[in-house]
2 protein chains.
Amino acid sequence: MGSVTATTRTRLTPEERRSQLLDLGVRLLATRSLDELSIDLLAEEAGISRGLLYHYFGSKQAFHEAVVRRAADDLIAQTAPPADGEPLERLLTSVTAYVDYVVTNYEGYLSLVKGAAGGNETLREIYEEARSALTDRIFREDAQGEIIPDTPVSRLIVRGWAAMTEELVLAWVVDPTGVTREELLAVMAASLPALVAVVPGDPRGGA
Amino acid sequence: MGSVTATTRTRLTPEERRSQLLDLGVRLLATRSLDELSIDLLAEEAGISRGLLYHYFGSKQAFHEAVVRRAADDLIAQTAPPADGEPLERLLTSVTAYVDYVVTNYEGYLSLVKGAAGGNETLREIYEEARSALTDRIFREDAQGEIIPDTPVSRLIVRGWAAMTEELVLAWVVDPTGVTREELLAVMAASLPALVAVVPGDPRGGA
DNA sequence: CATTCTATTGACACTTGTTCAATAACGCCA
DNA sequence: TGGCGTTATTGAACAAGTGTCAATAGAATG
């Protein structure tokens, strides 16, 4: 088993090779945890020697970071910055782009989440940056505070809302029975104003 | 530094030893990630041989699982099951117990979250169980559906709400400036009904 | 105090991470 | 077409960590 077919080495350009290894890393990470993503495994799957991985990434840690960063960059890039329109509609657009990304790139997204949460400080920072990139848009879109006033509580709530949103997509993708995509999107988009409205002492009034 | 003082071995009962090792594991996990929690490190910190760890836990994986399970059990046990009263008040009680637990046991809780998210299937299951144990109470408390109807969307929302709640405490504990404990609790408790009310087609009406 | 039970050790085999000098693909130029 | 230099790639050797097990030595018991 695992019969080695290639006796000739294939020589790629650094960019190609690097890209190939990162893609493979992201793909593999979807079905196993970070510390199960060994150099041995990756080298074998990629059909290269362990040494080459070190040539490109220097260490296992650094490779892991690069993989997670790759997943994060993908997310930010492919989640198109929202078009213009009224705030609530833009919010829906953002959320839709996000959900669609997760649906089509489920594995990659899982890599990001899993890798980040369990890993070291650097990994978590990468993840935090990605999340900020997404949620900051919301504040930027809503500069007039039509939906969200910029207070400590609101900031906290947006953060919480982001976590909720993430959990919602992931859970829904795994088991969508009984909930349509549109319902999911509606819930996500409507949640944010609803949550902000909950703050006691807020002009809009709460519970 | 780290001068080895003990030349005599100390012999404990299996329960004592096991407990000591798990406690130490949880404590160490607070300041490093799971895969930085090596057998070597733990053995040295505990002042025992590596062999003893294998005697008690069989493998590194199994030890990690035991540590995470320990943290989960702690959480469930110390978060007292809610007293009786009206649903909304019971919800607040639940949430309060949860927040207070996280505040006083921050490190242990972090171990649970970090360990679970990054780890293998088993670790994630342990975490899921803990979360279910907490949220299932809410459905149980609210058997009449006074707050939450038992539908697929609601189930999903409660799940999302749990994720949000977790994010809120963790973020708040790290930086509580501008938000009092009572505000936090109010937001958390009020969020759930607010979120459920957001569902389109729900009798209570939505956005 | 000797004996027995078993918690604990330490040394050894094996897996996985890391380094580095040697190798061989590919583009270039004659 | 065929040699040549560049450098992507390898494989062997080393380090560090994981897992195994027969031997050791606390503590209780008589």
Side-chain angles (χ1 to χ4, degrees), chain A residues 1-25 28-29 32-68 115 118-120 122-123, chain B residues 2-25 28-29 31-68 115 118-120 122-123:
Chain A
M1 35 202 96
S3 66
V4 181
T5 320
T7 37
T8 61
R9 52 170 80 168
T10 44
R11 185 189 173 114
L12 303 182
T13 70
E15 291 82 44
E16 283 174 333
R17 183 64 81 189
R18 202 184 149 80
S19 201
Q20 174 211 352
L21 296 178
L22 287 179
D23 280 344
L24 182 58
L28 290 180
L29 190 53
R32 70 212 80 217
S33 74
L34 254 191
D35 68 282
E36 285 162 353
L37 187 63
S38 68
I39 301 289
D40 264 329
L41 175 66
L42 199 121
E44 182 164 359
E45 288 285 327
I48 59 162
S49 67
R50 286 198 304 267
L52 194 58
L53 245 152
Y54 282 92
H55 174 66
Y56 280 104
F57 299 99
S59 76
K60 188 180 137 184
Q61 279 293 322
F63 176 65
H64 282 171
E65 286 168 22
V67 168
V68 172
N120 59 29
T122 309
L123 286 178
Chain B
S3 65
V4 182
T5 321
T7 37
T8 59
R9 52 171 82 167
T10 43
R11 183 188 175 116
L12 303 183
T13 68
E15 290 83 42
E16 282 174 333
R17 183 64 81 188
R18 201 183 150 81
S19 201
Q20 174 212 350
L21 296 178
L22 287 179
D23 280 344
L24 182 58
L28 290 180
L29 190 53
T31 54
R32 70 212 82 218
S33 74
L34 253 192
D35 68 283
E36 286 163 354
L37 187 63
S38 68
I39 301 289
D40 265 330
L41 174 66
L42 200 122
E44 182 165 359
E45 288 286 326
I48 59 162
S49 67
R50 285 198 308 274
L52 195 58
L53 245 152
Y54 282 93
H55 174 67
Y56 279 105
F57 299 99
S59 77
K60 188 178 136 182
Q61 279 294 323
F63 176 65
H64 282 170
E65 286 168 21
V67 168
V68 172
N120 59 29
T122 309
L123 285 177

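From a predicted model like this one, the values you see are computed outputs, not experimental measurements. So that the names make sense, note that chain A is the first sequence line, chain B the second, and so on, each numbered from 1.
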**Message:** Please tell me if Tyr54(B) has a side-chain N or O lying less than 4.0 Å from either OP1 or OP2 of dT9(C).
**Reply:**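 Answer no for this pair, as no side-chain N or O of Tyr54(B) is under 4.0 Å from OP1 or OP2.
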If you only use heavy atoms from C-beta on, which nucleotide in [options] is closest to the side chain of [X]?
X: Arg11(A); options: dT18(D), dC26(C), dT16(C); value: dC26(C)
X: Lys60(B); options: dT18(D), dT9(D), dG17(C); value: dT18(D)
X: Arg50(A); options: dT9(C), dG17(D), dG17(C); value: dG17(C)
X: Ser49(B); options: dA7(C), dA25(C), dG10(C); value: dG10(C)
X: Ile39(A); options: dG17(C), dA25(C), dA7(C); value: dG17(C)

How many Å lie between [atom1] on [X] and [atom2] on [N], as a whole number?
X: Tyr56(B); N: dT6(C); atom1: OH; atom2: C1'; answer: 9 Å
X: Glu44(A); N: dT10(D); atom1: CD; atom2: C1'; answer: 16 Å
X: Ile48(A); N: dA25(C); atom1: CD1; atom2: P; answer: 16 Å
X: Leu42(A); N: dT18(C); atom1: CG; atom2: P; answer: 14 Å
X: Arg18(A); N: dA8(D); atom1: CZ; atom2: P; answer: 13 Å
X: Glu16(B); N: dA27(D); atom1: CD; atom2: P; answer: 11 Å

**Message:** Quick check: any donor-acceptor pair below 3.5 Å linking the side-chain of Arg17(A) to the base of dT9(D)?
**Reply:**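 For Arg17(A), whose side chain was compared with the base of dT9(D), there is no donor-acceptor pair (under 3.5 Å).
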**Prompt:** Relative to the 5' end of DNA chain D, which residue comes earlier, Leu41(B) or Thr10(B), by the nucleotide with the nearest heavy atom?
**Reply:**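 With Leu41(B) and Thr10(B) compared, the 5'-side residue is Leu41(B).
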**Request:** Select from Leu12(B) and Leu52(A) the residue whose nearest nucleotide in DNA chain C is closer to the 5' end of that strand.
**Result:** Leu12(B)
